[in-house]
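The structure appears below as structure tokens.
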Amino acid sequence: MILIPCPHCGDRNSSEFTYAGEVHSRPSPGDARQGPWRDYLYGKDNPAGWTEERWFHGSGCGKYLRAERHTVTNEIRATRPEVGAGASSRTRP
Amino acid sequence: MPETSSTNTAGAVEVGDGPVARSPIRPLPPVRLHAGWEVSGRRSEAALQLADLSPLAKVHVRTSPTSALASFLEVGFGRSARDEGGRLVVGAGPDSWTVIGRTGTASEIVASLQAAAGAEPASVIDTTHGRALVRLTGSDARRLLEKVCAIDFDDAVTPDGATFTSSVARVVTEVVRDDLDGLPSYLLACERSSGQYLFDSLLDAGNEFTVEIDGFPEKEI
Ligand SMILES: [Zn+2]
């Protein structure tokens with residue numbers, strides 16, 4: 001079992017989460033050229049090492065969070081709540 | 001118009017003898033009516049009991065933890081407490097709450113919460129008919145839940161009043177520890193469509209502890 005430390009709920013089984021991809025800064029939609037926009041949508045760095053990812057805690061608090069994960073050892077050294085738009089997913093009773 | 005309803009001269013619908021609502025969980029006989037809901041009148045004396053409490057009013061609240069409504073609710077994320085009116089206020093998430101009250105009181109709970117919210121952004125929704133709610137009571141309740149949920153149920157981690165959302169028998173379930181007369185007791189709430197499955201899964205996991213189904217309780221919440 002891989003434990004993911006949710007900043008809201010504490011350590012939880014990774015099966016409670018959905019992977020939502022690497023974190024990349026979004027180019028400005030107003031003036032981004034095709035190349036950078038395509039890279040933002042489809043490009044992945046996929047490093048063998050530390051990477052920052054977005055995860056969704058669907059079986060818990062229903063929030064998105066950011067995690068720094070080592071892709072080789074699966075060690076997670078830090079998690080924090082996602083902020084801004086999309087931080088809160090849906091109205092889940 | 002169905003036989004069970006009739007319209008009086010004032011235009012209001014009067015409910016006859018038939019049920020107006022059913023829990024997603026089949027009630028065991030004897031079935032009786034309680035505030036329009038079909039409920040089980042069965043009484044169990046077993047040491048470990050599972051009861052369907054789905055008719056209870058369940059109001060979902062979503063607002064900022066710094067809002068006036070949040071301070072009105074008082075309870076923080078991960079905790080639960082009774083308010084002055086005997087309703088159970090559950091801190092279900094960082095910015096969400098569930099208020100559980102007696103059958104038929106959802107609209108008055110919604111009205112009081114909306115009044116407390118004032119002009120601040122808040123979502124107050126009656127989810128009574130959209131959620132299933134069951135109560136598991138007995139000294140073996142913890143051992144049963146440990147079979148179907150990965151959370152630590154030790155008193156140090158999950159004391160009376162603690163609440164969390166996690167996977168219970170693979171269903172996303174809101175769990176509230178709400179002891180009854182010194183006996184460990186847990187309220188479990190999930191989406192209506194998973195209610196019967198969760199109920200059956202708990203019965204199955206409780207087979208080795210001889211869990212029994214109890215009817216709708218005298219003291220609702
Ligand atoms: Zn969480």
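A, B, ... follow the sequence lines: proteins, then strands. Residue 1 opens every chain. Atoms considered below: every heavy atom in the structure, side chains included; atoms not considered: hydrogens, waters and symmetry mates.
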Would you mind reporting whether [Y] and [X] have side-chain heavy atoms less than 4.5 Å apart?
X        : Y         : answer
Ser59(A) : Ser166(B) : no
Asp95(B) : Lys63(A)  : yes
Glu16(A) : Val172(B) : no

Assess whether atom [atom1] of [X] is packed by more than 12 heavy atoms of other residues, nucleotides or ligands within 6.0 Å.
X         : atom1 : value
Arg26(B)  : CZ    : no
Arg22(B)  : CZ    : no
Glu120(B) : CD    : yes
Asp181(B) : CG    : no
Arg79(B)  : CZ    : yes

Best-contacting candidate, Ser167(B), Ala150(B), Pro94(B), against chain A by heavy atom pairs under 4.5 angstrom: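 Between Ser167(B), Ala150(B), Pro94(B), the count favours Pro94(B).
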Between SG on residue Cys61(A) and CZ on residue Phe164(B), distance to nearest 0.5 Å: 13.5 Å
Arg12(A) vs Ile151(B), side chain to side chain contact (heavy atoms under 4.5 Å, CB included): CA-CA, chis, key distance, verdict: CA-CA 8 Å; Arg12(A) 292 292 179 91; Ile151(B) 295 294; 3.3 Å; yes
